[in-house]
Amino acid sequence: MRYKLHTGSTAWLIHRITGVMLALFIFFHFYALSPKAPVRFESLITAMNHPVSSVLLLGLVISHGLLGLRLMLIDMGAGARIHKPLFWLAALSGILLFILGSMPIIGGLK
Amino acid sequence: MIHTFDTLVIGSGLAGLRAAIEASRHGSTAVITKLYPTRSHSTAAQGGISAALGNEEPDSPEWHFYDTVKGSDFLADQDAVEVMCNDAIRTVIELEHIGVPFSRTPEGKIAQRRFGGHTRDFGAGPVRRACYSADRTGQAVMFALCEQAERQGARFFNEFHVLDIVIENGRCLGAIALEIKTGDIHVFNSKATLVASGGYGMAFKTTSNAYASTGECLSMLFNRGIPLEDMEFFQFHPTGLYGLGILVTEGARGEGGILVNGNGERFMERYAPSIKDLAPRDMVSRAILTEIKAGRGISGRDYVHLDLRGIDKKILEERLPEIVSFCKIYMGIDPSEKPVPVLPTAHYAMGGIPTDMDGRVMKDENGGVVHGLFAAGECACVSVHGANRLGCNSLLDTVVFGRRAGMAIGAHIREADKIEVSKDAVSDAMEGVRNMIENKGEERCGTLKEELRKAMMERCSVFRDKAGLKGLIDEIIVLKERSSGLEIKDKGMRFNTELLEVIELRHLLNLGMVIASSALQREESRGAHFRDDFPLRDDANWLKHSLLFWNGKGIDFRHKPVRITRFQPEERKY
Amino acid sequence: MKRYLFKIKRLDPERKLSLRWEEFSVMMEQSERLLDGLIKIKEFIDGSLAFRRSCGHGICGSCAIKINGKSALACQTLARDLSGTVFIEPLPAMAVIKDLVVDMEPFFAKNEAVMPCLINDELLPDRERLQSPEDQHKILEAITCIMCGCCTSSCPSYWADKKYIGPAAILKAARFVLDSRDRAADERLEKIADTHGLWRCHSIYNCVEACPKGIDITGHISRLKRLALKKG
């Protein structure tokens, strides 16, 4: 039976996965901008400015960032015993920020 | 495999570890345990270790001496008690020095609490003598001693089950053990062997003891002709969680908890007017069962209440966190809000392997010793606890006499010759194991064990009588016969716990017979041994220790006098 | 009395019986422990079922196993808190010796590596060393540890790197580092601040969830991280 997921391990998984995806994105970003890249510059800019990729990037940054803030608080000692409420705070504020942030992006679709 | 060590310690509880620390200073030391050291039942001790430090109120070793002797119902050997109480202060300070995390007073000294039977001024009122670490004192002391024993170089053989302690020509040569993980037989040749295997509460249905507390080492020695002393004295701790027997420390009463019957009455006021709920454990257990028999249990049922609601919540959290946790987990009760149902539970063996004050095992009542054999802790009988042990004196007993035994061992191994366990003993042990595995029959270990424990609980616990004990002995004889038909399903050799349970059960049946026989022959009531048919203490005929010998066919009963130095026996009233 | 279905993951290398799930039906009272159920199976159904147990009330740490996907003590899990089917396995990420018995040697060895002994070479006073109640409280949680192995076995960092010293050993180090009587804090911190030590902890909190004594292990680990940083 797979090990049970808790708040702490869920937070870690999300943080780890979003972190890896962001790292891949940054790697791809620099690679694409380099002279050796096979992709043409204009199509790359179009792809990256596409609302879907912008929204995805926004989501990754918000979740990784807020969960990272939670980890920082834990490491500094302030968050050790309240790590679960901190997760839910990060989740709620994250969703809020995501909605607020994606609205202008999706609005730009018109 | 064959091992040779100067000293072999059987059992990794407090006594075994303290002796190992001492013995390692003088020679190579091996410690055999059927568990891992930190799992030994010493870790379950809760309340405290007694010493007249006087950190919270004035105290003296002399009062401690008197309390222990009176608590023992005057059966304890007073010279040994005096040695223990005088050594208590040094012992506890030494434990603090090696790192035991005692709870502290505001001034930073070791904190002490009240405990049953510990008084000031020879019985004037309770005194704070029990040095504690929340309610995990046993665990705190155990971890510190484990760490020290490792540091001193003792070699640990964890999960090794002793099959036989080899004694030939009045001399102990060592032991034969089974390595549980592989099933291999190991021989330990040692100049000195210390038995520190703990108690045998598993003989009774409701016990505070671990599943591992089965006392097979005592049975092994008994079978080889070593006497067992005062086996009829088995303490029933008054406050075990109803139904489970899990211990609720006496420290709860020390911090202000009280026992209440079905009428809401603090009934201990009637039985022990001066110290009430802090009376010695045997008296409290009898009081509880008397109340229940008289129909004054809670709602007429078979338990009473331990009421901790009068204790400040902060003190409960700080000094009694484990028992608060037990009550919540096992009973679904928060003791700060509701009273806890309790009933006496089999807790401590006052009797055991007879030793002198330095742990040397006595082979008879005349002072003869078994060369190279030592014992300390609950399995030994010095005797410092006599007919009833006071709380917190066991932790003290184990460390004081563990150390003394270790020192005596140190002197012994310097002079002793090298020896070897005979090949016959080894092949006997191997054959024994093979027979148990291959045995065919209809009996199951679980059934026989359940029947033994139930019978012991019904007829040999707090209240005993001739008819009940005779019936019990007959029943055990039948169970022993039936045990020859024990068949086990697990025929493997690796981690065969079914085999181990059969070995333990065989020895437990033996011990049950010894306890019941010892209880039958003592026709008086003293301390924890109460006979409905002989309800009074009889100093004229019975101020003596019982010694039981196996003569090959049956049990011989002999006695030896109690060593009285300071306090003449008096009426035991509180 | 209620009927429970115990699904137990068994392994017996000696008889070449490979990893398999076996089902046992047990009747239990609501107040009984999972351990009581295992004992019933062993005593009355299949005596070859191997598991460790001793005290039966959560102080010795012997009976740590994986219950319904989580490391826990069998003696502290009550029937009333279980649904009809229970999944029982040995502790995760530990080598299985037989059925529910795992090799605890590496676990204890990690503990040894942090020098788990009070180190203070100063002249001993005649009486006890003084320690204020506040100082004693600093180690109160850490001394509660019963070395059951639930934490280390539940830690994903340990699953990924078996050389990781693990939460239990770090908690043991914390017990001494935070003890005002100990003088080897720097040495200990240095020992545990290596590649397979302190910094492998990512505050995943599985240890805290699994700990039967409710110790805030991650909090202690992050405390040690800060101390290690301060020390440089």
Side-chain angles (χ1 to χ4, degrees), chain B residues 35-36 38-41 43-44 53 92-93 96-99 101-111 133-134 136 139-140 143-144 147-148 150-151 181 210-212 243-244 246-247 321-322 325-326 329-332 444-447 449-450 488-490 492-498 501, chain C residues 12-15 31 33 39-40 42-44 46-62 76 78 80 97-99 101 103-105 108 112 116-118 120 124-133 135-137 139-140 143-144 146-147 175-176 179 181-182 213-214:
Chain B
L35 305 165
Y36 274 90
T38 54
R39 320 274 192 231
S40 304
H41 204 54
T43 50
L53 286 173
V92 170
I93 290 175
E96 193 282 328
H97 285 168
I98 62 167
F102 285 105
S103 295
R104 301 285 177 157
T105 64
E107 301 87 45
K109 300 195 230 172
I110 294 174
S133 174
R136 304 178 194 111
Q139 185 200 12
F143 274 58
E147 291 148 14
Q148 285 296 309
E150 298 258 355
R151 216 132 300 277
K181 185 167 158 186
Y211 290 97
L244 288 159
I246 294 171
L247 188 69
E322 279 298 308
S325 155
F326 292 157
I329 294 175
Y330 295 108
M331 315 288 283
R444 302 226 57 141
C445 189
T447 318
K449 193 156 82 167
E450 204 176 319
I488 61 175
K489 293 286 183 284
D490 192 348
M493 284 311 291
R494 307 236 304 245
F495 229 98
N496 189 341
T497 44
E498 203 180 0
E501 299 218 346
Chain C
D12 189 348
E14 195 181 8
R15 289 183 292 164
S31 58
R33 302 156 287 194
I39 290 173
K40 278 187 196 183
K42 189 179 180 65
E43 289 188 346
F44 302 106
D46 182 349
S48 66
L49 179 65
F51 54 89
R52 289 195 177 105
R53 83 289 179 263
S54 191
C55 74
H57 60 272
I59 196 78
C60 74
S62 300
Q76 287 206 323
L78 294 196
R80 71 169 85 95
I97 296 175
K98 183 171 167 184
D99 294 339
V101 177
D103 185 8
M104 293 294 285
E105 293 294 331
F108 286 113
E112 278 304 302
C117 166
L118 193 78
N120 182 324
L124 287 170
D126 290 331
R127 298 276 298 198
E128 66 265 45
R129 283 193 206 92
L130 293 179
Q131 181 181 51
S132 70
D135 277 342
Q136 201 261 356
H137 285 171
I139 54 169
L140 206 56
I143 60 176
T144 313
I146 58 176
M147 307 264 288
R175 176 255 176 277
F176 290 103
D179 190 334
R181 302 169 295 172
D182 185 72
K213 306 312 264 183

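Using a cut-off of 4.0 Å between Lys/Arg side-chain N and Asp/Glu carboxylate O, Glu43(C) and Lys449(B) are scored as salt-bridged. Look at Asp490(B) and Lys98(C) and you find a salt bridge, because one of the NZ, NE, NH1 or NH2 atoms lies within 4.0 Å of a carboxylate O, short of that distance.
Only the backbone of Leu49(C) has a heavy atom closer than 4.5 Å to any heavy atom of chain B. Only the side chain of Gln136(C) comes within contact range of chain B, with heavy atoms under 4.5 Å apart. Contact annotation for Arg129(C): both backbone and side-chain heavy atoms come within less than 4.5 Å of a heavy atom of chain B. Using a 4.5 Å cut-off between heavy atoms, Ser132(C) touches chain B through its backbone atoms (N, CA, C, O) alone. Proximity to chain B is limited to the side chain of Leu78(C), based on heavy atoms less than 4.5 angstrom apart.
Shown here are the ring-ring contact (aromatic ring centres under 6.0 Å, His included) partners of Tyr330(B), two or more places apart in sequence or in another chain: there are none. For the ring-ring contact (aromatic ring centres under 6.0 Å, His included) test, residues two or more places apart in sequence or in another chain that qualify with His57(C) are Phe326(B).
Contacts with chain B were tallied for Pro13(C), Ser31(C), Cys117(C), Ala50(C); Cys117(C) has the most, counting heavy-atom pairs under 4.5 Å. Ranked by heavy-atom pairs shorter than 4.5 Å toward chain C, the options Glu450(B), Arg151(B), His41(B), Lys489(B) are led by Arg151(B).
Not one N or O on the side chain of Lys213(C) forms a donor-acceptor pair closer than 3.5 Å with the backbone of Glu322(B).
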